[in-house]
Participant: 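Pasting a structure here, questions to come.
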Amino acid sequence: MGETYSNTISYLSFYLNGELYAFKVSDVIEVIELQKVTLIPKTPPHILGVINFRGEILPLIDVRKICGLKTDKNFDENQSVIIVLETGKETPENLLTVSCMADAVSDVIDVKMADIMSIPDFDTKIKAEYTEGIFEHNGDYITILNSSAIFSINNGKK
Amino acid sequence: MLEQFKQKYLDEVNDLLNDMEDALLRLENNPGSADEINQVFRVMHTIKGTSGMYEFKTVEKITHDVESIYGKIRDNSLTVSKEVSALTLECIDLLRKLLNKPDENDDALVNEFMAQLKLVAPSIEPTQKQEEVPQKILEQEAEGVATYYVLFTPESDIANRGINIKSILGDIENAGTGITIPRCWKETDDCADKYYMFWEAVFSTKKSYSELEEIFLFVSDEVKITKIADADLFVNEDFVAEITRLQALDDKIDVTGLAKFANSLIVKPDTKKTIKVITEASKQTQKETPETKTSPKAETKTPNQDRTENDIALAAEKIISKTIENSDAKAGSIKVESDKLDELMNLVSELVTVKAELFLLSEQYDIPPLGRICEKVDKISNRFKDNALSIRLVPIESMMLRFQRLVRDLSNELGKKINFVTEGTDTELDKTIIDNLTVPLMHIIRNSIDHGIESLERRRELKKPDAGIIKFTAFYSGSNVFIQVQDDGAGMDPEYLRQKGIEKGFIKPTDRLTEKQLYELIFLPGFSTAKKITGISGRGVGMDVVKQNIIKLRGEIEIDSEIDLGTIITIKLPLTLSIVDALLVSVENTLLLIPVYLIESCSQITRRQLAKDNGRFIYEGEPRTIIDLRNELEFLGKPPKQENVVIVKYRDGKVVGLIVDKIIGEHQAVLKSLGKYFSNQEYISGGSILGDGSIALVLDVNKLIKQMEKNNVTD
């Protein structure tokens with residue numbers, strides 16, 4: 001969408017543990033309400049299960065667990081939303097439709113490429129390989145997440 | 001764009017080659033059968049024609065030569081000897097290779113093939129010749145048909161502009177039915193910028209003038225189209241004679257004169273008298289007017305020159321009747337991309353899901369009219385489902401050709417005589433299953449030929465008939481299809497298998513195994529039974545792969561054998577892979593599906609009872625192993641007081657009990673993959689969406705049991 005103007009990119013920002021993160025809007029298919037999650041036995045903890053997304057069975061991933069963020073004890077799971085994404089578009093064999101939990105979605109923000117800052121080489125908050133940069137919006141700093149890295153199947157194999 | 005056409009061309013050629021292979025194998029059993037010879041001829045001709053368009057020069061060359069041979073066979077000046085048919089089969093293989101997997105060795109292969117071809121038929125002419133005159137035989141309805149004259153005068157730089165003259169000529173040939181005449185410029189002509197040849201064509205077609213213009217859009221400056229008359233002039237003998245006369249002349253056709261002549265014909269009442277074969281008429285007139293051939297250039301050779309008129313007429317008649325027959329036969333079926341069928345199946349699956357949803361609704365609200373509609377929807381969707389499934393079904397016949405070829409080639413190579421008998425090849429199976437079944441079956445048949453059927457000497461020793469029999473049988477039974485490959489060969493020696501098993505460390509000398517279990521050994525990876533390794537089989541890979549493939553198709557494979565009497569290999573397969581009848585059960589609120597075909601029975605059980613029976617379940621008077629799905633699948637939470645046990649069978653009719661919380665009922669599960677994320681999931685093979693939108697997981701019972709067995713060994 002926003003990518004047609006080469007110097008701006010649209011991001012969807014959302015909350016995890018009260019902090020703001022963002023995925024590229026072009027990767028997001030839909031944001032849906034929390035729905036019944038079917039547990040899959042014997043899977044790693046970051047896979048919460050599967051959901052029925054319009055007749056398609058999609059894995060539901062907990063981004064917090066992958067990125068090593070602690071789960072906020074205060075958050076109410078029933079208030080959560082599910083973001084459905086399509087990742088790995090660069091290579092057809094990696095194309096994957098997945099869904100992940102977020103506490104709430106915030107906004108769609110057009111960001112100028114020049115305004116995106118890089119994350120410090122090592123970050124105590126989140127592994128650098130899962131991020132693509134950081135930008136400032138209305139006084140908040142929003143971390144851009146690299147969906148391809150986060151949802152790569154190898155994460156599922158661990 | 002071109003790539004797309006090329007793919008179509010390749011598909012078509014592959015189909016044609018299959019037809020031809022089939023015809024050849026029939027021809028071997030019935031040498032001299034005109035239908036089959038014609039078919040080979042036709043296939044070669046068609047491939048030759050299209051290959052030229054797509055620049056498959058070698059293919060064109062080969063097909064031309066083979067076509068010539070079959071032309072001769074058709075005229076009875078050559079007979080179908082063993083060498084010829086072997087060579088033709090080789091030709092099919094070679095063409096397949098050239099088209100599908102070309103590499104740098106191809107030239108050598110082609111040369112070798114051509115050399116062999118020369119040995120068989122030394123009289124055939126070398127291939128390098130001028131554009132042959134395409135002489136098409138076709139009948140056409142007169143409505144909307146017009147006759148055109150097309151003059152194609154390429155510029156000398158045509159090749160530099162990336163235009164292939166041949167493809168233009170192909171376009172002309174395809175534009176209608178008629179004749180193309182290659183010409184050379186005369187010294188007196190103004191042809192400084194022209195290519196050294198030009199072409200004239202007269203043909204009748206249903207296409208409009210503008211449609212023709214569109215065809216030659218890229219060479220519009222070099223192609224001149226003139227309409228001669230608003231009728232199919234080729235049905236008129238006089239016109240054909242005139243064209244043939246003009247063809248033989250060295251001069252360019254005078255279009256205005258021709259048009260005048262044509263129009264004078266049209267007013268005659270008898271124009272649409274008969275459909276005439278151009279080749280025949282042209283032959284006659286060519287003979288009648290030999291003096292008109294002033295220049296040798298005009299004497300364009302036709303491949304049929306050495307045939308008598310009668311032969312041509314006969315052959316032509318046959319071709320016509322055959323084409324009509326063929327088009328009739330093909331009218332009943334259409335080709336559909338398999339992607340579209342997959343899409344249809346997906347839609348049907350969704351319909352089945354929605355139907356379940358509707359039923360749920362009707363149960364909730366209990367509105368009588370809704371109930372009636374539900375019943376109707378149920379009926380229709382069931383029929384729709386069956387119908388859609390049947391579209392995907394392909395008769396096993398479609399694989400037989402390859403097996404027949406395999407038996408023929410391999411038995412020749414090994415010097416064994418084998419009768420390949422088939423039965424029930426009209427049995428139909430899902431296309432996906434057929435596709436995945438060919439390789440395993442090839443392997444089984446190969447084994448039967450190589451290891452099963454004994455050598456000729458050995459067979460005589462045993463007073464068996466010289467020719468061994470391999471019998472391929474397919475039949476339905478319930479919702480399954482059974483395929484059997486039976487040979488009357490040496491059979492398998494259980495004692496030999498035992499020795500081998502011990503030698504290779506698969507079993508211990510102290511193990512007591514039944515015959516069946518000993519046969520099962522050959523399915524283990526690395527277990528080769530061949531006493532002598534041949535190039536064909538016995539490298540120890542194979543039977544294990546066969547078994548894996550069959551299991552992947554949710555099938556089973558079984559061996560039965562008797563020394564010196566033969567071996568029967570039986571494969572049991574489901575009719576389709578996408579819908580399975582399953583029992584819906586729940587464990588800790590998670591819904592699980594267990595395929596019905598595995599289930600022996602269900603009953604209730606309590607933990608107390610279980611403890612009393614030493615952690616086992618008594619079924620049919622015997623204690624059975626119990627798998628507690630709650631533990632095994634690592635579900636947290638307390639089990640309910642009353643639990644259920646589902647008795648499922650696995651290998652060799654053995655059973656185990658699976659403990660679940662609740663049994664909900666039968667469900668027609670439309671299988672869906674869980675996606676790549678769960679491709680290494682151990683116990684769940686897929687999911688299915690229920691009427692209320694929730695997801696049930698399909699339990700992979702075989703994997704579960706296998707895993708349990710493994711754990712038992714390591715414990």
Side-chain angles (χ1 to χ4, degrees), chain A residues 27 29-30 32-63 65-66 77 82-101 147-158, chain B residues 345-357 584 586-593 627-637 660 669-700 703-704 707 711:
Chain A
D27 284 350
I29 295 176
E30 205 172 316
I32 53 176
E33 281 172 40
L34 185 73
Q35 51 164 288
K36 197 180 164 195
V37 179
T38 305
L39 302 173
I40 305 275
K42 298 192 130 182
T43 41
H46 68 266
I47 299 180
L48 297 169
V50 287
I51 58 161
N52 170 9
F53 176 65
R54 285 196 231 119
E56 219 179 314
I57 299 176
L58 298 184
L60 181 66
I61 309 296
D62 190 346
V63 175
K65 292 241 169 64
I66 291 183
E77 204 175 72
I82 294 174
I83 305 175
V84 181
L85 301 116
E86 195 170 44
T87 75
K89 283 180 189 160
E90 305 79 33
T91 38
E93 67 268 22
N94 288 338
L95 193 74
L96 199 66
T97 312
V98 294
S99 63
C100 70
M101 294 261 262
S147 63
S148 299
I150 289 176
F151 299 115
S152 99
I153 300 173
N154 292 333
N155 278 334
K157 276 188 183 155
K158 262 178 225 162
Chain B
M345 273 317 294
N346 282 339
L347 288 174
V348 170
S349 307
E350 261 166 56
L351 182 71
V352 172
T353 313
V354 173
K355 183 191 81 184
E357 226 170 296
L584 189 61
S586 73
V587 179
E588 194 64 39
N589 293 329
T590 295
L591 297 166
L592 293 171
L593 290 163
I627 298 175
D628 186 355
L629 288 182
R630 178 179 290 274
N631 279 340
E632 210 43 52
L633 302 179
E634 295 168 2
F635 284 112
L636 306 167
V660 300
V670 177
L671 295 186
K672 293 210 161 161
S673 149
L674 290 183
K676 289 185 241 175
Y677 243 94
F678 302 102
S679 54
N680 60 336
Q681 227 297 327
E682 281 173 74
Y683 303 143
I684 308 295
S685 60
S688 178
I689 294 176
L690 304 183
D692 63 353
S694 54
I695 299 168
L697 306 172
V698 181
L699 194 67
D700 192 333
K703 255 192 193 164
L704 180 72
Q707 194 61 37
N711 290 347

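For the numbers below, each heavy atom of this structure counts, side chains included, while hydrogens, waters and symmetry mates do not.
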Participant: Taking Ser99(A) for the side chain and Pro59(A) for the main chain, is one N or O donor matched with an acceptor at less than 3.5 Å?
Facilitator: yes
Participant: Side chain, backbone, both or neither: which part of Leu697(B) has an atom under 4.5 Å from a heavy atom of chain A?
Facilitator: side chain
Participant: Testing the basics here: between Pro41(A) and Leu39(A), what is the closest heavy-atom pair and its distance to 0.1 Å?
Facilitator: CD-O, 3.8 Å
Participant: Could you look at Ile695(B) and say if it's the side chain, the backbone, both or neither that has a heavy atom under 4.5 Å from chain A?
Facilitator: both
Participant: Give the intermediate values and the outcome of side-chain hydrogen bond (donor to acceptor under 3.5 Å, both in side chains) for residues Asp27(A) and Thr87(A).
Facilitator: CA-CA 6 Å; Asp27(A) 284 350; Thr87(A) 75; over 6 Å; no
Participant: Which bit of Glu588(B) comes within less than 4.5 Å of chain A, counting heavy atoms only: side chain, backbone, both or neither?
Facilitator: neither
Participant: Would you say Tyr683(B)'s side chain and Val698(B)'s backbone share a donor-acceptor pair under 3.5 angstrom?
Facilitator: no
Participant: Side chain from CB out, backbone as N, CA, C, O: work out which of these in Ile51(A) comes under 4.5 Å of a heavy atom of chain B, or both, or neither.
Facilitator: backbone
Participant: Using non-hydrogen atoms and a 4.5 Å limit, figure out which bit of Glu56(A) sits close to chain B: side chain, backbone, both or neither.
Facilitator: backbone
Participant: Side chain, backbone, both or neither: which part of Lys42(A) has an atom under 4.5 Å from a heavy atom of chain B?
Facilitator: both
Participant: Which atoms of Val37(A) are under 4.5 Å from chain B, going by heavy atoms: the side chain, the backbone, both sets, or neither?
Facilitator: neither
Participant: Among Asn52(A), Leu96(A), Thr43(A), who wins on heavy-atom pairs under 4.5 Å with chain B?
Facilitator: Asn52(A)
Participant: Which residues satisfy the side chain to side chain contact (heavy atoms under 4.5 Å, CB included) test with Asp628(B), sequence neighbours excluded?
Facilitator: Arg607(B), Arg630(B), Asn631(B), Ile659(B)
Participant: How far does OH of Tyr677(B) sit from CD1 of Ile61(A), to the nearest 0.5 angstrom?
Facilitator: 4.0 Å
